[in-house]
Amino acid sequence: MNSNIGELDLIEDEVVVNNVRLTFFRSKQLVSQTPTVLFVHGVACHARNWDSIIRRLDTTLPIVSVELRGHGRSQKKGPYGWGQFGSDLCALVQTLGLSSVVGVGHSMGGHLLLQAASVLAKKFKALLLFEPAVFAPATYISSQQVKLFDSPSEHPFARRRAIWQSPEAWFEKIKNRTPFNVWTEEALHDHCQYGLEPTSDGQFQLRCPPIVEAEASLACADTSVHSLLSAIAIPVKIFRAKTAAGFRHPMDNIHSVTWPALSGSLSQGMDIHLTDLSHFIPMQRPELVASELTEILGETA
């Protein structure tokens with residue numbers, strides 16, 4: 001694992017919202033400055049998954065990168081439904097007094113930012129969403145009747161290996177596996193370095209416990225944002241990955257999860273289909289994300 005990647009000068013902080021302690025990382029600039037860039041990660045990821053993008057940005061930008069409940073250093077306290085995650089994100093924006101927010105989200109993080117921007121319309125200036133986990137409307141109706149697994153403990157994610165000898169050992173084990181084999185070394189380094197915490201016996205464990213990942217994944221179609229989209233009147237740029245040739249299996253972590261018509265349901269939506277990239281666009285092309293964010297910040301200044 002490359003240890004020469006530059007460390008970012010981010011400040012670790014925390015806030016209590018909805019009776020749960022959330023950790024977030026922020027730049028030295030006051031977050032009350034505008035605009036503030038708010039990064040929101042996906043399931044089983046953490047705030048520092050955005051480091052490879054942040055390293056490519058203007059160092060004077062006010063930045064907040066949050067860790068959702070059950071993830072990263074935040075408190076491991078359920079429930080882990082997407083409506084709850086969205087409520088937590090709204091409460092964080094309000095508690096920190098953020099305004100003119102440019103939200104950047106990946107997968108579940110994109111879904112949650114749509115929730116937040118619809119509820120706190122005056123707080124947000126623009127959204128940049130990479131593979132937001134928003135499915136076709138019919139998916140949310142059928143999900144109430146059909147589940148792949150009866151409980152989180154039955155989900156394959158619940159059986160992930162949780163204990164590792166070191167971040168380096170984890171990196172070496174997964175670097176050639178799907179989907180990590182398409183990530184940049186820098187992005188995978190950050191994922192492993194900050195995604196583990198030391199245990200009392202000298203080993204390391206996942207900061208997002210497998211059962212939390214399983215519960216959050218199982219809840220992916222329990223909360224629909226479709227009825228909220230009309231309330232979002234800001235620019236929303238949506239980047240979609242390559243589309244599966246036929247049926248996309250729910251466990252497919254390469255092809256796009258985003259409803260292709262999502263941008264058309266937004267008054268200022270724009271759809272960009274990147275047919276050569278995977279679901280993990282930020283980890284595969286961090287320079288693209290940084291460039292797009294720099295551009296949208298210039299447009300909203």
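Just so you know, these numbers use all the heavy atoms, side chains as well, and skip hydrogens, waters and symmetry mates.
Of the residues Gln268, Met270, Glu299, the one that meets the side chain to side chain contact (heavy atoms under 4.5 Å, CB included) test with Pro235 is Gln268. Of the listed residues (Arg21, Lys28, Arg26, Arg73), just one forms a salt bridge (Lys or Arg N to Asp or Glu O under 4.0 Å) with Asp13, and that residue is Arg26.
Enclosure of atom CG in Asp150 is not indicated, since only 12 or fewer non-hydrogen atoms of other residues, nucleotides or ligands lie within 6.0 angstrom. Within 6.0 Å of NZ in Lys173 there are 12 or fewer heavy atoms belonging to other residues, nucleotides or ligands.
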- Between His155 and Met251, is a side chain to side chain contact (heavy atoms under 4.5 Å, CB included) present by the stated rule, with each step listed? CA-CA 10 Å; His155 198 291; Met251 300 296 289; 3.9 Å; yes
- Query: What do the steps show when you test Asn19 against Lys77 for side chain to side chain contact (heavy atoms under 4.5 Å, CB included), and what is the final call?
  - Reply: CA-CA 9 Å; Asn19 297 311; Lys77 180 181 180 182; 3.7 Å; yes
- Message: Test side chain to side chain contact (heavy atoms under 4.5 Å, CB included) on Trp50 and Asp190; report intermediate values, then the result.
- Response: CA-CA 8 Å; Trp50 297 103; Asp190 294 331; over 6 Å; no
- Message: Could you go through Trp82 and Leu68, starting from their C-alpha distance and side-chain angles, then the distance that decides it, and tell me whether this counts as side chain to side chain contact (heavy atoms under 4.5 Å, CB included)?
- Response: CA-CA 10 Å; Trp82 290 30; Leu68 303 167; over 6 Å; no
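Aromatic ring pairs are classed by plane angle as parallel below 30°, tilted from 30° to 60° and perpendicular above 60°; the pair Trp183 and Phe180 is perpendicular. Ring geometry for Phe239 versus Phe130: interplanar angle under 30°, hence parallel rather than tilted (30 to 60°). The aromatic rings of His279 and His106 sit tilted, their planes meeting at an angle between 30° and 60°.
Taken from CD in Glu287 to CD in Gln284, the straight-line distance is 9.5 Å, to the nearest 0.5 Å. Expressed to the nearest 0.5 Å, how far CG of Leu120 lies from CD of Gln115 amounts to 11.0 Å. Considering OG1 of Thr36 and CD1 of Ile63, their distance stands at 9.5 Å, rounded to 0.5 Å. Interatomic distance, CG of Leu128 versus CG of Leu38, reported as 12.0 Å (0.5 Å rounding). A distance of 8.5 Å separates CZ of Arg160 from CG of Leu206, quoted to the nearest 0.5 Å. A distance of 8.5 Å separates CZ of Phe157 from CZ of Phe149, quoted to the nearest 0.5 Å.
Between Glu186 and Arg56, at least one side-chain N (NZ, or NE/NH1/NH2) sits under 4.0 Å from a carboxylate O, which counts as a salt bridge.
Remark: side-chain polar atoms of Ser100 are not paired, donor with acceptor, to backbone N or O of Pro35 under 3.5 angstrom. Side-chain atoms of Gln29 do not come within 3.5 Å of backbone N or O of Pro62 as any donor-acceptor pair. No side-chain donor-acceptor contact under 3.5 Å links His111 to the backbone of Cys220. Under a 3.5 Å cut-off, the side chain of Gln205 and the backbone N or O of Ala162 do not form any donor-acceptor pair. A donor-acceptor pair is defined here as one N or O able to donate and one able to accept, closer than 3.5 Å; no such pair exists between the side chain of Arg207 and the backbone of Pro209. A donor-acceptor pair under 3.5 Å links the side-chain atoms of Thr258 to the main chain of Pro132, judged by distance alone. The backbone N or O of Gly78 lies less than 3.5 Å from a partner atom in the side chain of Arg69, making a donor-acceptor pair. Put simply, the side chain of His255 never gets that close to the backbone of Ala245: no donor and acceptor are under 3.5 Å apart. Here the side chain of Ser52 pairs no donor or acceptor atom with the backbone of Ala187 at under 3.5 angstrom. At distances below 3.5 Å, at least one donor-acceptor pair connects side-chain atoms of Thr139 with backbone N or O atoms of Ala136.
Leu188 and Ile254 sit in two unconnected hydrophobic clusters of ILVMFWY residues. Membership requires side-chain heavy atoms under 4.5 Å apart, directly or through other members. With hydrophobic clusters built from ILVMFWY side chains whose heavy atoms lie under 4.5 angstrom apart, Tyr194 does not share a cluster with Leu10.
In terms of heavy-atom proximity, Cys45 sits nearest to His191 at SG-CE1, 4.5 Å. Nearest heavy atoms, Leu22 versus Ser74: CA-OG, 3.3 Å. Summarising the geometry of Glu131 relative to Val257, their closest heavy-atom pair is OE1-N, 2.7 Å, with the distance given to 0.1 Å. Listed here is the closest heavy atom pair of Trp259 and Phe135: CB-C, 3.7 Å. Residues Ala121 and Ala231 come closest through the heavy atom pair CB-O, 4.3 Å. The heavy-atom pair separating Ile211 from Ala158 by the smallest distance is CD1-CB, 4.1 Å.
A heavy-atom distance below 4.5 Å is not found between the side chains of Tyr80 and Glu213. Using a 4.5 Å heavy-atom cutoff, the side chains of Asn18 and Ser87 are in contact. At least one side-chain heavy atom of Phe24 sits less than 4.5 Å from a side-chain heavy atom of Leu96. Leu293 is listed as a side-chain neighbour of Phe39, based on a closest heavy-atom distance under 4.5 Å. Side-chain contact between Leu129 and Leu114 is present, with heavy atoms from C-beta onward closer than 4.5 Å. A 4.5 Å side-chain heavy-atom check between Ile238 and Ile272 finds every atom pair outside the cut-off. Considering only heavy atoms from C-beta on, Glu215 stays 4.5 Å or farther from Val212 through its side chain. By the 4.5 Å heavy-atom criterion applied to side chains, Val66 and Val40 are counted as neighbours.
Side-chain contact of Thr243 with His273: a donor-acceptor pair under 3.5 Å is present, judged by distance alone. Judged purely by distance below 3.5 Å, without hydrogens or angles, the side chains of Ser265 and His226 never pair a donor atom with an acceptor atom.
Each salt bridge (charged side-chain N to carboxylate O under 4.0 Å, His left out) pair with one or both residues in residues 252-275, not counting sequence neighbours, appears once here: Arg240-Asp271.
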